[in-house]
Amino acid sequence: MITPPHHTTAAPVLSDSFGRVINNLRISVTDRCNFRCRYCMPEEGMVWMEKSELLSFEEITRVTRLFAELGVTRIRLTGGEPLMRKDLHLLVEKLSPLPGIRDIAMTTNGFFLAEQARLLYKAGLRRINVSLDSLDPVKFNLMTRRDYYGKVWEGLHAVEALGIRPIKLNAVLIRGVNDDEIGAFAYLARTKPYIIRFIEFMPIGLGDGWTNEKVMTSKEILETIEHETGKKLVPVERRGDQPADRFTFEDGLGEIGFISSVSEPFCDQCNRVRITSDGKLRTCLFSLGETDLKQLVRGGATDGEIKLAIKDAVWKKEPGHLINQPSFTRPERTMSQIGG
Ligand code: SAM
Ligand code: SF4
């Protein structure tokens, strides 16, 4: 039996029982959202958490500091829509100076960026991923059930104006819905300094209508790009802790990335864990269990006690998700409730 490293006193690295080093923490700051993306949540009937259930900025900062002391170096703010949380830049201001945190990023639908990008940048946010599933305003409405295409582009232009590079767009393609836009996305990545990351459609939304047939796999998308552009994509060396397979065009400015969570899961190299907006630690997006850090934080636990709970949970991180296997069980919470 292997002994978890935390049962000795020196544990400079947060690792699990499979030897994976966990240095990446995704922090959800809210489950609320002003969009209703078809693959994520239904048009009506979402029930939001009580605001008092959400970790406060002070609580998030404390928990993040403890993760940093255990070895986490990179964090990503997400949700729900993270910018639904009022004054998010104040949280970034608290997180930026934490010793050990080298990188703060955010995933957003982009709606509030036009107003908030500057404040976030000043507070220390340097990397922003904007989710954009269509480059056609009509189809954008169909995907998000909102008429906000112009607003998202205002946000992207604000990010561009701040000099934040690269600008990353996340796109989920669903067969028969927006898979006809591969060429348009490829054109954007060739002509602008944008990184387009195609994320495979996963069974994690509420009312998402997921079936395996609707998943546009990375391989199919890559082949379509090469066919439509008549050019071979050039592989870029994968950074150690990045889940995306990256490619450039010989004659392009930007980049294409593929996150093949369904067709080629990267679980054996997974370096991340998540905390939900109500303070539950999840060691996988598809975990069937959680560790309640909020209860510890609000119950007066010491830093040492919370760190022990984190280390114990991380040590038991599951080997991988089971999408496409008969024993796959959807988690009780959806992507927006967990933090995407
Ligand atoms: N609201 C923010 C946004 O949309 O960027 C952050 C949260 S959202 C849950 C994070 C990411 O998860 C988005 O890029 C979204 O496209 C992706 N996502 C949501 N549901 C998904 C699903 N069923 N399959 C694949 N990706 C999904
Ligand atoms: Fe909102 Fe993001 Fe889900 Fe779309 S993917 S509904 S923007 S949380």
Side-chain angles (χ1 to χ4, degrees), residues 26-46 48-49 75-85 88 105-113 116 120 125 127-134 140-149 151-152 155-156 159 167-175 177-179 185 195-212 214-218 221 243-244 257-263 265-266 272 274-277 282 285-286 321 323-324 328 330-331 333-340:
R26 294 173 93 90
I27 303 170
S28 174
V29 294
T30 178
D31 59 329
R32 293 171 195 240
C33 189
N34 54 337
F35 286 26
R36 291 291 181 278
C37 301
R38 289 181 172 271
Y39 51 73
C40 185
M41 52 174 86
E43 168 86 79
E44 306 278 353
M46 287 302 290
W48 311 121
M49 287 176 208
I75 55 182
R76 174 171 297 275
L77 302 176
T78 182
E81 171 46 42
L83 294 175
M84 294 285 284
R85 187 83 186 248
L88 193 70
M106 178 178 69
T107 303
T108 170
N109 63 28
F111 180 88
F112 297 101
L113 278 177
Q116 297 190 25
L120 290 160
L125 188 74
R127 294 198 309 114
I128 300 182
N129 289 36
V130 176
S131 303
L132 183 62
D133 301 316
S134 175
F140 176 92
N141 291 3
L142 182 79
M143 291 297 288
T144 61
R145 302 192 184 98
R146 292 292 184 267
D147 189 11
Y148 295 156
Y149 184 76
K151 188 80 178 125
V152 173
L156 282 165
V159 171
I167 302 172
K168 278 194 189 172
L169 298 185
N170 290 355
V172 177
L173 296 184
I174 302 179
R175 193 183 308 282
V177 183
N178 59 343
D179 55 336
F185 277 114
I195 296 187
I196 317 287
R197 300 190 338 155
F198 293 106
I199 305 175
E200 286 179 351
F201 180 26
M202 294 180 280
I204 187 89
L206 190 60
D208 58 23
W210 187 90
T211 62
N212 208 352
K214 290 188 188 162
V215 179
M216 287 295 297
T217 64
S218 302
I221 300 170
F258 297 99
I259 305 198
S260 315
S261 327
V262 177
S263 65
F266 41 88
R272 59 185 59 175
R274 302 161 188 268
I275 36 179
T276 63
S277 52
R282 296 179 63 94
L285 183 55
F286 292 93
H321 70 63
I323 301 176
N324 282 332
F328 175 68
R330 276 183 184 242
R333 299 210 211 203
T334 65
M335 184 84 142
S336 62
Q337 292 161 336
I338 294 167

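We count ligands from 1, going down the list as the structure has it; atoms in each ligand are counted the same way. Just so you know, residue 1 is the first one in the sequence shown, and it goes up from there.
Of the listed options S131, A171, G209, S131 places a heavy atom closest to atom 4 (O) of ligand 1. Considering G80, S28, C33 only, the shortest heavy-atom separation from atom 1 (N) of ligand 1 involves G80.
If you take CD1 on I75 and CZ on R127, they are separated by 11.0 Å, rounding to the nearest 0.5 Å. Atom CE of M143 is separated from atom CG of L173 by 7.5 Å, given to the nearest 0.5 angstrom.
Counting atoms of ligand 1 from 1 in the listed order, those under 4.0 Å from a heavy atom of N109 are 2 (C), 3 (C), 5 (O). Counting the atoms of ligand 1 from 1 in the order shown, those under 4.0 Å from a heavy atom of I204 are 22 (C), 23 (N). Of all atoms in ligand 1, listed by their number and element, those nearer than 4.0 Å to a heavy atom of V172 are 16 (O), 25 (C), 26 (N). Close approach of ligand 1 to T78 (heavy-atom distance below 4.0 Å) involves ligand atoms 6 (C), 7 (C). Against a heavy-atom cut-off of under 4.0 Å, T108 is close to the following atoms of ligand 1: 2 (C), 3 (C), 5 (O).
At least one N or O atom of M202 sits closer than 3.5 Å to an N or O atom of ligand 1. Any N or O atom pair closer than 3.5 Å counts here, and E81 shares at least one such pair with ligand 1.
Protein heavy atom nearest atom 19 (C) of ligand 1, with residue, atom name and distance: Y39 CE1, 3.4 Å. Closest to atom 25 (C) of ligand 1, if we only count protein heavy atoms, is E200 O, 3.4 Å. Considering only non-hydrogen protein atoms, atom 10 (C) of ligand 1 sits nearest to G340 CA, 3.7 Å. Counting only heavy atoms of the protein, atom 12 (O) of ligand 1 lies nearest to M335 CE, 3.1 Å.
Taking all atoms of both residues into account, the shortest heavy-atom contact from S336 to C40 is CB-SG, 3.9 Å. The two residues H321 and P265 have their closest heavy-atom pair at NE2-CB, 3.6 Å. Taking both residues in full, the closest heavy atoms of I204 and R333 are given as CD1-O, 4.2 Å, listed atom of the first, atom of the second, then distance. E43 approaches R36 most closely through the heavy-atom pair O-NE, 3.4 Å. Counting all heavy atoms, side chain and backbone alike, R145 lies closest to P42 at NH1-C, 3.6 Å.
Between F201 and W210, the ring-plane angle classifies as perpendicular under the 30° and 60° cut-offs. Classification of the F140-F35 ring pair by plane angle, with boundaries at 30° and 60°, yields perpendicular.
Around atom 4 (Fe) of ligand 2, protein atoms of type N, O or S found under 2.8 Å number 1.
Without hydrogens or angle criteria, R330 side chain to G205 main chain gives a donor-acceptor distance under 3.5 Å.
Salt-bridge check for R38 with D133: failed, with every basic side-chain N at 4.0 Å or more from each acidic carboxylate O.
Applying the side-chain hydrogen bond (donor to acceptor under 3.5 Å, both in side chains) test to N109 and every residue at least two apart in sequence or in another chain returns N34, E81.
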